[in-house]
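Working notes, structure below.
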Amino acid sequence: MRNLNRKDLITLLNQQPMFKTISAVADDLHMECYVVGGYVRDLFLERPSKDIDVVVVGSGIDMAQALGRRLGRGVHVSVFRNFGTAQVKYKGQEVEFVGARRESYSHDSRKPIVEDGTLEDDQRRRDFTINALAVCLNADRYGELVDPFDGVWDLQDRVIATPLDPDITFSDDPLRMMRCIRFATQLNFTIEQDTLDALQRNRERIKIISGERIIDELHKIIVSDSPAMGFELLFQTGLLELIFPELAALQGVETVGGRAHKDNFWHTLEVLTNVVKSGGGEWLRWAALLHDIGKPRTKRFDPKQGWTFHNHNFVGEKMVPDIFRRLKLPMDERMKYVQKLVGLHMRPIAIADDEVTDSAVRRLLFEAGDDIDDLMLLCEADITSRNQQRKQRFLDNFQLVRQKLVDLEERDRIRCFQPPVTGDEIIRIFNLSPSPVIGKLKTAVKDAILDGVIPNEHDAALEFVMKRAEELGLSPAKS
Ligand code: CTP
C-alpha cells in the first residue's frame, strides 16, 4: 500500500493515455466522470492494473459512444442497453462505462431495480469500501480522490468492510460474500467484525448464486498465496458447508474409549499449505484439498486398531468426478489427474512404511506415470505429524523411494510404459485371432517387468512370452 496524493494520482493517470481522452470527451459533454473500483484500489496497492471502470453522472452509453467517435479507427464500442452500460475496446485496453446509479434489490434475485443517482449513490451500492474509491477525470478536478467511505483508511489498516450495513450489501448480492473472503485471502486483509458476522447471518443467501460464479471465486482463492486462509474463513462463516459439504464434513474429532482421531479438515488445510510451499499448482492444490475426502464415509472404530479409514483413497477417488461436476470444474484430464493422485496418495507412504522394494516402486511408477513427482510432493505434504521423530522417519524413507524411482527409471523406463511385445506381434507369432489369451500374455509380461523378473526389453520379453505360451499349450505358427 502506498499513499497517493492528488499529484501522484495525476502522474499515474497520465501513464495511461486513455484517461486524457476520456477527460476531454467528458468535458465536451459537460458530464462528471470518474474512474472507480478495482482500478483505483490497485493503484494504491501497486497491483498490476486491469480493465478500467468509469462512472459517469449521466448516460454511460452516450459517453462511450462519444469516446468511440473521438478515438476513430481501431475502436470497438459495445452497448448493453438492458444494463445501461457500454464497453470501449481500444489498443488492447477495455473501458467499461456506466451511469451513476442507485440500486435496490428484491429478495430472490441478483437483478436490481436501477435508477439514476449521484456519484455517492453509486459508491454506496458497491461491495467494499476499498472498491468504492473514485478519482475524478474532468479537467478542473483531474486526479481528485472521492472517498466518502474511508476506503483508503481501510487499505491502510488492511481491512475489508462494506460501505453500507453489511446485511444489506450481502443480501443485495450474495456473490459478495464469496468476494469478501476472496479479497481477504488474496490481499491478506482482515474482515471487519460486523462484516464477518454478516457473512454468517446471510450465508443461506449463497444458494441463489450460480455454481459458475462460485467456482470463479473459489478458483481465485485456490491460486492465491495462502488458500488455506480462504477455506478457514469459508468454514468459519458456514459458507463451506453450503457450497462444498464434503470438505466441511472432514471437520470434527470423535473419541471412543479415550482414543481420538485427528481432525481431517485442519489436517487437509495443512497439507494444502505444504503443497503451496513446495510450489504446487492449481490442480495439485485441488488434489491436496480432496486427498482425504473419502475419510468420513470410511471411518470406523475398531477396539483393537482404534480409528480406521480403510480404502478412503479409493472411496475418495470415486467421489472426485461427482464433486468436479457439481462444482463446475473441468471434467477432462485435469479431473483425471486429481482423481489419480487421490487414489494413489497412500501408496508411497505404504511403501515407505515397509521395506522399500524395487517391485513396489516400479509398480508405483507404472501407475503414476508422468504424475509421479506431483504424487511424491503430495505425499510429503501429507506428513503433518507433530511427532518429529516419526515425521523424520517418513521423510527419510521417502528419500529412499525417490532415489529408487530415479535409479529404476533410468534402468527400466517404466514411467511411460509401452509393452515391449505388442498384441499384434503375439497374434502373428501364434497365428491367433483376437482372444483373451493375448491379454493374459501381455499382463504376464507387464507383471514380470514390474516385478523385476525380466528387463524392460523386447528380446527378453519375447523369450518370456514364448515360455509362457508353451505352458498354455500354444505353439508358434510355421512360417
Ligand atoms: N462490484 C460490486 N459487487 C460485485 C462485483 C463488483 O460492487 N458483486 C463493484 C466493485 O466496486 C468492483 C467493481 O464493481 O471494484 C468491478 O468489479 P470486478 O471487475 O468484478 O472486480 P475488481 O474489484 O476489479 O477485482 P477483480 O478483477 O479482482 O475481481
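- Residue pairs meeting the salt bridge (Lys or Arg N to Asp or Glu O under 4.0 Å) criterion with at least one partner in residues 296-305, sequence neighbours excluded, are Glu254-Lys299.
- Here the side chain of Asp121 pairs no donor or acceptor atom with the backbone of Arg102 at under 3.5 angstrom.
- Among residues two or more places apart in sequence or in another chain, the side-chain contact (heavy atoms from CB on, under 4.5 Å) test is passed with Asn387 by Ser385, Gln389, Arg390.
- In Glu46, the CD atom is crowded: over 12 heavy atoms of neighbouring residues, nucleotides or ligands sit closer than 6.0 Å.
- The side-chain contact (heavy atoms from CB on, under 4.5 Å) check on Glu317 picks up Phe314, Gln339, with sequence neighbours excluded.
- With sequence neighbours excluded, no residue satisfies side-chain hydrogen bond (donor to acceptor under 3.5 Å, both in side chains) with Arg259.
- The side-chain contact (heavy atoms from CB on, under 4.5 Å) check on Lys89 picks up His76, Gln87, Glu94, with sequence neighbours excluded.
- Here side chain to side chain donor-acceptor pair (under 3.5 Å) pairs that include residues 220-246, with residues two or more places apart or in two chains, are Glu246-Arg326.
- Within the structure, salt bridge (Lys or Arg N to Asp or Glu O under 4.0 Å) pairs that include any residue of residues 153-165 do not occur (at least two apart or interchain).
- Asp322 meets the side-chain contact (heavy atoms from CB on, under 4.5 Å) test with Arg325; sequence neighbours excluded.
- Not counting sequence neighbours, the partners of Asp447 by the side-chain hydrogen bond (donor to acceptor under 3.5 Å, both in side chains) test are Arg363.
- Not one N or O on the side chain of Thr195 forms a donor-acceptor pair closer than 3.5 Å with the backbone of Ile191.
- Here the closest non-hydrogen pair linking Leu155 and Phe44 is CD1-CB, 3.6 Å.
- A search for salt bridge (charged side-chain N to carboxylate O under 4.0 Å, His left out) contacts involving Lys207 returns Glu204, not counting sequence neighbours.
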Residue pair Glu282, Arg334: steps toward the salt bridge (charged side-chain N to carboxylate O under 4.0 Å, His left out) verdict: CA-CA 10 Å; Glu282 181 177 0; Arg334 290 167 283 190; over 6 Å; no
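- Proximity of a side-chain donor or acceptor of Asp371 to a complementary backbone N or O of Asp374 within less than 3.5 Å is not detected.
- Between Phe301 and His261, the distance from one ring center to the other does not fall under 6.0 angstrom.
- Taking the six-membered ring wherever Trp is involved, the centroid distance between the rings of Phe183 and Phe189 does not fall below 6.0 Å.
- Distance alone, capped at 3.5 Å, is enough to place a donor-acceptor pair between the Ser278 side chain and the Val275 backbone.
- Sorted by first and then second residue, the ring pair (Phe, Tyr, Trp, His ring centres under 6.0 Å) pairs involving residues 343-397 (not counting sequence neighbours) are His291-His345, His312-His345, Phe366-Phe417.
- Surrounding CZ of Arg468 are at most 12 heavy atoms belonging to other residues, nucleotides or ligands under 6.0 Å away.
- Taking the six-membered ring for Trp and thresholds of 30 and 60 degrees, Trp266 and Phe235 have ring planes more than 60 degrees apart, a perpendicular arrangement.
- For Asp194, the salt bridge (charged side-chain N to carboxylate O under 4.0 Å, His left out) criterion is met by no residue, not counting sequence neighbours.
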